[in-house]
Amino acid sequence: MYYHTPNTSKFVLFIRRIRALIIALFVVLSIAAFALIKPELISSDTFFWLSESKQFEKTTQREYATTYIGRLSVKTAAFSEATKFQLQSLQAELENQPDVEQVESLFAAHMVYNDQTSEESAIVKALPIGQLTAPKMMAFVKSFPEPYTQFVSDDFTEFHFIIHSQSPIHFDRMTIPFEYHYSEPIVEAELGHYLWYVGVIVLVIMLMSRILFRNYIAALGAIIVTLLTLIWTFSIMYLLTGSKQIHIAMSLMVVSISIGHYLYFYYRWHVSQFKSDPNRALEKSINRNLHPAVWTLPVLILSLGSLLFADSKIVTMLSLSLMVSSAVAYIINIVFLPALLSYFSVSHPRIGFARICYWFANREIHYSPKVLKGFMGLTVIILLTIVIRLTMAPDGFFDKHVAQNTITLKVPFEEIDLDTLHKIEIFERELRTHNDGIEKVDSIVAILKRLDMANKPQTPFDEQRLLQALFFLELYDLQQAYIDKNALNISITLHNTDQSAVIRWLEEYKGITIYFTDIESLSESSKMDKTLLLALSSLSALLMIGLIMGIIFRSARIGFVGFVANAVPIIWFTLFMMVFDFELSIEALIAMTISVGLTSDTIIHFGYKYFRSRYFGRTQKHALEIMFFYSGVPAITSAIVLMTVFALLTLTQLQSLQLIGAYGAILMFISLMSDLFILPVLLLVVDNKSIGQTQRH
């Protein structure tokens, strides 16, 4: 417990005697583990989520090809013959890009019409629209806009190219003579993303070391400890699971835990040299952090342990990375770090802004119970609002609103007959009825109807007219866009709608057999399954953390503090997402999981320092000062470091990393505010004057 100080003098002496051997052993084992296991940086963020997607498995079993879909929007000053020529050249250049399968645009569309040369002679024709002059193109599209609205604006100043490709395309070597915007499909994580991520962490740690500690020892230790934690964590995970794959989200969790643990140990060693020699400082670094650091292990294991049995390899890997990294970081910080730091000493151990700890203690010792009750009452109201919204509209939090997007499907068929077309017509009608924002549904039914109507039929649509329409479809080589490997292609264009709701509806539709073929929809389908699982696990983790902390501190009241202090940042972060209409995505839940791990660590260290001081007879004010000085400063520092890292990650090109960075930075800030202003007050509330005497006897 917090009133017991372990005697670590012999342990530190042993570490100092064989410090060179310890450092060499850790380095050699790490190099060997890295060389033998050869961890695989997952090159595709998308396929990380697709690895256990039921829809993706269903599609690949039919051997249907999956495609990336990007949307290129080009703005022009005016539409003229010269502009038309440039846009047609762009169309050809896009089609010639590697791995591009199809480019939908106005310049790939056809004008279906009846070429009636006389009363006796008439034939249906499908002429590429690009063969018309610019004025005739404008006149025709304005007269018959429905098939072409997704490709061009009403004033012919903005053109859209929908690009289907086997891999995301790059515009580095292309020349686009217009102002343009590319709505990129879910891009693959490349080595550059990892290098950017590593560079950001190193830069922030170097700045932190220089500004706060006035040396580079802290940076050296942080970088080495973090690197060792990463290697050992993924090596152990490989031994446990057999998987070599490393995803950026998993790396972020490991780095966050590693930096959080490291700063508590290093900071105590640093400031202890003000009144002690470096050897004694090492002892204090270990014996003051040995218990609170190890307590975080059962908290994480028991709170997230249930996820290890989840029917999801991805969720298991994410939770396992948190647990393993916490244990690895603990061992590295009590064995390797003392051996490394024993070679150094600090000439300026003072921390410049440590006096802020006394400011916080002076303010919070005189907290207003009315303000606290008001804040907690408001938090409860927010929580009830969230619960009511989840109860009334459970899918509302998982909305993914898109301005423009395309979903592609394949529908297997044996024969294109009236019954097949009728089923697709019913599907299209019900799709529009039950989902808002369906701008266009492009299928073989749509093109056959256009070909049939151009023939100016005098009788109802029957088998004979169907055969005529199919003849013209093949005559003008239009079938490739709609028929492929005994499957019919359907393209759905969304406009200002919730894509996740459309995907859920399509997954549950039973009228025809549907296979998703665009990568983004397949990925979103997989993420939606994991999102609900992680959301439920986050709630159970909060309850388990409160229970475990109550057991550790042998107090139900402290257990309640552990639950509340962890829940408050999550509740207010959820309010933030509701106010700004952000979706509760998998990236947000990853950020929440990281926050739960770090916040529980902070709560344990704060509670340990506070009640340890109270046990040894310190006043509440003095106990707060000690708590802020020894635990508050590393907590603030780690939060600032991680906030900066997360914020800079929003500048990367990888969408999931951008979202994790944005959500993580916001959540780190809310958690820091809770740790500084709410947690100390809650500790004062549950404290009582007899706690020290009670523990002594």
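Hydrogens, waters and symmetry mates are skipped; everything else that's a heavy atom, side chains included, is used.
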Do [X] and [Y] come close enough that some side-chain heavy atom pair is under 4.5 Å?
X: L667; Y: M592; value: yes
X: L684; Y: L624; value: yes
X: P680; Y: M627; value: yes

Test item: side-chain donor near acceptor, [X] and [Y], under 3.5 Å:
X: T229; Y: S325; result: no
X: R19; Y: S342; result: yes
X: N289; Y: Y608; result: no

Short side-chain to backbone donor-acceptor contact, [X] and [Y], under 3.5 Å:
X: S30; Y: F26; result: yes
X: T599; Y: S595; result: yes
X: T296; Y: A293; result: yes
X: S285; Y: F265; result: yes
X: T650; Y: A647; result: yes
X: S638; Y: A635; result: yes
X: N362; Y: Y358; result: yes
X: R614; Y: R618; result: yes
X: S235; Y: I231; result: yes
X: N215; Y: A218; result: yes

If every non-hydrogen atom of [X] is compared with every non-hydrogen atom of [Y], which pair is closest and at what distance?
X: Y262; Y: I217; value: OH-O, 4.0 Å
X: V346; Y: Q273; value: N-OE1, 3.0 Å
X: S326; Y: I257; value: CA-CG2, 3.6 Å
X: P6; Y: N287; value: O-CB, 3.3 Å
X: Y264; Y: D601; value: CE1-OD2, 3.9 Å
X: Y267; Y: F629; value: OH-O, 2.7 Å

Run the side chain to side chain contact (heavy atoms under 4.5 Å, CB included) test on Y615 and Y610 for me, step by step, so that the C-alpha distance in whole Å, both residues' side-chain angles and the decisive distance to 0.1 Å come before the verdict.
CA-CA 9 Å; Y615 174 81; Y610 178 81; over 6 Å; no
Show which side-chain atoms of residues 332-340 pair as donor or acceptor with protein atoms under 3.5 Å away, not counting sequence neighbours.
residue : atom : partner : partner atom : Å
N333    : ND2  : A329    : O            : 2.6

Centre-to-centre under 6.0 Å for [X] and [Y], is that the case here?
X: W295; Y: F553; result: yes
X: F34; Y: F234; result: no
X: F213; Y: H270; result: yes

Quick check: are there more than 12 heavy atoms from other residues, nucleotides or ligands sitting under 6.0 Å from [atom1] of [X]?
X: F576; atom1: CZ; result: yes
X: R210; atom1: CZ; result: yes
X: F11; atom1: CZ; result: yes

Begin from the C-alpha positions of I636 and F628 and carry the test side chain to side chain contact (heavy atoms under 4.5 Å, CB included) through to its verdict.
CA-CA 10 Å; I636 294 170; F628 274 116; 5.8 Å; no
Decide side chain to side chain contact (heavy atoms under 4.5 Å, CB included) for Y330 and L290; before the verdict, give the C-alpha distance in whole Å, the side-chain angles of both, and the deciding distance to 0.1 Å.
CA-CA 9 Å; Y330 179 76; L290 197 64; 3.1 Å; yes
Between I626 and R612, does a side chain to side chain contact (heavy atoms under 4.5 Å, CB included) hold up when you go through it step by step?
CA-CA 10 Å; I626 293 173; R612 176 183 172 83; over 6 Å; no
So is R268 actually on top of Y630's ring, under 6.0 Å and inside 45° of the axis?
yes
List for me each residue that meets side chain to side chain contact (heavy atoms under 4.5 Å, CB included) alongside F669, sequence neighbours excluded, and say none if there are none.
M643, M673
